[in-house]
Amino acid sequence: MRPISIALTAAGLVATAVAKSSSDPFPLPLCNGIDIEDATIDELQRWMMLGDLTSKDLVKCYVARIEQTNGEVNPDALSIASALDKERAKHGIRGPMHGIPFMVKDNIYTDDKHNTSEGGLVLLGGRYSSEATVVAKIRAAGGVLLGHAALSEAADHRALSNFSDGYSTRVGQTRNPFNLTQPTSGSSGGSVVAVRSNQVAIALGSETHGSLVHPAALLGLYTLKSTPGLISRHGIVPGSFYHDTPGPVARSMKDVAILFDIMAGVDRFDNSTFDALGHYPEDGYSAEVVGKDALRGMKLGLPWNPYWSTISSINSPGQRDQYEKRVKELKAAGAEIYNITYIPGIQNVASRYGFGQPSDVAAEYGQLEAYNTLLAVGYGEWLKGWTFPRGDKRRGMSSLAQMAAWNDAHNDTTGSLGNGTWWYNTVSGQDFYDNAIATNGTMGDKFWKAFGWGRRTARQAIDGGHAVVLKNGTVIELDGLLVPNDPSGGFDNACSSIPSYAGYPIASVPIGQSGYSLPCGICIYGRQYSEPKLIRVASAMEDLFRWNAKPKFHNYKTAKGRWETLWPGYTCTEDSLDHYGCAKA
Ligand SMILES: *[C@@H]1O[C@H](CO)[C@@H](O)[C@H](O)[C@H]1NC(C)=O
Ligand SMILES: *[C@@H]1O[C@H](CO)[C@@H](O)[C@H](O)[C@H]1NC(C)=O
Ligand SMILES: *[C@@H]1O[C@H](CO)[C@@H](O)[C@H](O)[C@H]1NC(C)=O
Ligand SMILES: *[C@@H]1O[C@H](CO)[C@@H](O)[C@H](O)[C@H]1NC(C)=O
Ligand SMILES: *[C@@H]1O[C@H](CO)[C@@H](O)[C@H](O)[C@H]1NC(C)=O
Ligand SMILES: *[C@@H]1O[C@H](CO)[C@@H](O)[C@H](O)[C@H]1NC(C)=O
Ligand SMILES: *[C@@H]1O[C@H](CO)[C@@H](O)[C@H](O)[C@H]1NC(C)=O
Ligand SMILES: *[C@@H]1O[C@H](CO)[C@@H](O)[C@H](O)[C@H]1NC(C)=O
Ligand SMILES: *[C@@H]1O[C@H](CO)[C@@H](O)[C@H](O)[C@H]1NC(C)=O
């Protein structure tokens, strides 16, 4: 089964959808008479408790919505939902996720009839030793696995140059329902689009470097990228042992917290989870969800340089006003805002904001070297647990080099229409793989020097940024650092880099809508394992801003993209699309 493409590729209106006005080309049908648009876990749970909806109804409605836009679903979803409905009637609910459909990014292995392939062809058809721990935990908590969501192929680890976020060989380009000619950003785009366009209430993504927080901003949703190791990564195709972490993308911080309560915890299959012992909040993460009153006395820092001064997005038309207005609102709500000129050492860590470093820092500290090495090591580990069916030529494949060679031999490049426009792919389509292979996965002096430097300097910057020293020597401990979450999440606009290097958490809260009708947001940096505090800060801000907007599917008739060449012989017109883009011509 293909992962859900959610490409919204000029998606056709199927029978259920009656286009009433051009401003709402894909109205969401009622579900058993109930409007489930933008419904949170709590709202869905309440309807199920009242008996107005069953889990089976919900699965049917979300499946209809997926078909209205794009996609395929877990063939077992309805039977799982029915069983959970019966259990509810007989024994009550297991918890807040009982009967709630959820989706996972296609790099998260599910041990069922789905394929998990991280969007590529090279792993397609293989199976892993056991289900991802997070999936097993959500199932045990009563969640109904609805399907796999599209992603940037290999979670953005296949290609680095001329690569289109949201593109995968298997399903093509994921589109942004706010404006279909615009990107979805970071690699969890499909999960975020699924939630935003009401194909499901909550989904899992993963982040190594920006893949949750950037698409969450661009689609106007909430997320929390945790300290790696707080939540098990077992069963998730690795990008980097030291940087990867799965996380929910959701309509509220409450929904995020509900998933943290289910997912966080020690797992014998992921040794990094042992480090998180002692860092779980006593009363759980949901207890940290607060209202705007909690902003009174909250201490928030603005790392002015470089984030609030020269970052290109904040200086784009209309954007600065929006961001500064939000800061004023926070002040008015009683928050203490600390305008920090530079967080200590930040200028040494990032090339302004991005995925690199200043030109005056020696090349041997390059963070890409660390990510490249960890990618090669990660695939080597992954392939030990991955098996192909007997007779499959890929059986026994054990290294990233062999994967890349398979891609070459199958002409499977993420090549493009090819005129350099950013949302198409050009060149080899696997330069990240090539760079990783070149390291031989050697975790020698060179690796530790680069990795260690990034980790140490980034931690100094974030920890130092949280400790504001007043003129009289008093040290104020901040509750979080606010950073604009740029709509593009591009290399020189990422809010995710420093926390990625550090292995520290980030919450992301939507704050408004800006150029090209796209949402934008704020990243909140915290110290290591400060997730409970970040949930407090982010939920208080959510309650104050209460931002939401309906995607208008701008350009759904005219957006041009990869799907035109993906399925030769198929046409893509407004009326002909159903699954995966196009109907047969
Ligand atoms: C998984 O992918 C393989 C290879 O494309 C395909 O033959 C198979 O039908 C898929 N499985 C499902 C359940 O779709
Ligand atoms: C932890 O697990 C990783 C990945 O499986 C492995 O490379 C590493 O050696 C393990 N570390 C320890 C201390 O066991
Ligand atoms: C923060 O300080 C900078 C100078 O470092 C100033 O230009 C900027 O206006 C200040 N911003 C706020 C919101 O106070
Ligand atoms: C691979 O692609 C190249 C360039 O498009 C083409 O010339 C070649 O015939 C293809 N090879 C195979 C095996 O399909
Ligand atoms: C690239 O191709 C697309 C689609 O054909 C077109 O819309 C766009 O203008 C082209 N860009 C450049 C820089 O030529
Ligand atoms: C990316 O594409 C542009 C335009 O096609 C090309 O000039 C450039 O060399 C490519 N970059 C890499 C790293 O191949
Ligand atoms: C990787 O291995 C090759 C061949 O064994 C060697 O030539 C190369 O120097 C190695 N590269 C690194 C970065 O260790
Ligand atoms: C330092 O200054 C702060 C802010 O003006 C004040 O609240 C605090 O009491 C002062 N501390 C000392 C030790 O004077
Ligand atoms: C959608 O994005 C395009 C650029 O890709 C822009 O020209 C257009 O104005 C945007 N549409 C809306 C309604 O914002």
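Just so you know, ligand 1 is whichever comes first in the structure, and atom 1 is the first atom listed for that ligand.
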**Student:** With a cut-off of 4.0 Å, which atoms of ligand 9 are near a heavy atom of N179?
**Tutor:** 1 (C), 2 (O), 3 (C), 8 (C), 10 (C), 11 (N), 12 (C), 14 (O)

**Student:** Tell me whether the guanidinium CZ or amine NZ of R127 lies under 6.0 angstrom from the six-membered ring centre of F388 and within 45° of its axis.
**Tutor:** no

**Student:** Can you check which of I337, V327, N339, L302 brings a heavy atom nearest to atom 3 (C) of ligand 3?
**Tutor:** N339

**Student:** Classify the side-chain pair Y242/S272 by whether it contains a donor and acceptor separated by less than 3.5 Å.
**Tutor:** no

**Student:** Is the charged tip of R455 near the ring of Y501: under 6.0 Å from the six-membered ring centre and within 45° of its axis?
**Tutor:** no

**Student:** Provide, to 0.1 Å, the distance between atom 9 (O) of ligand 3 and the closest protein heavy atom, together with that atom's residue and name.
**Tutor:** W304 CZ2, 4.0 Å

**Student:** Using the side chain to side chain contact (heavy atoms under 4.5 Å, CB included) rule, take F26 and N198 through it: C-alpha gap first, then chi angles, then the decisive distance, then the call.
**Tutor:** CA-CA 11 Å; F26 306 107; N198 289 292; over 6 Å; no

**Student:** Please write down residue, atom name and distance for the protein heavy atom closest to atom 7 (O) of ligand 2.
**Tutor:** E381 OE2, 3.8 Å

**Student:** As an exercise, identify every atom of ligand 9 less than 4.0 angstrom from a heavy atom of S517.
**Tutor:** 12 (C), 13 (C), 14 (O)

**Student:** Distance to 0.1 Å, residue and atom name: give those for the protein heavy atom nearest to atom 10 (C) of ligand 2.
**Tutor:** N271 ND2, 2.4 Å

**Student:** Establish, from distance only, whether the side-chain atoms of S508 and N485 form a donor-acceptor pair under 3.5 Å.
**Tutor:** yes

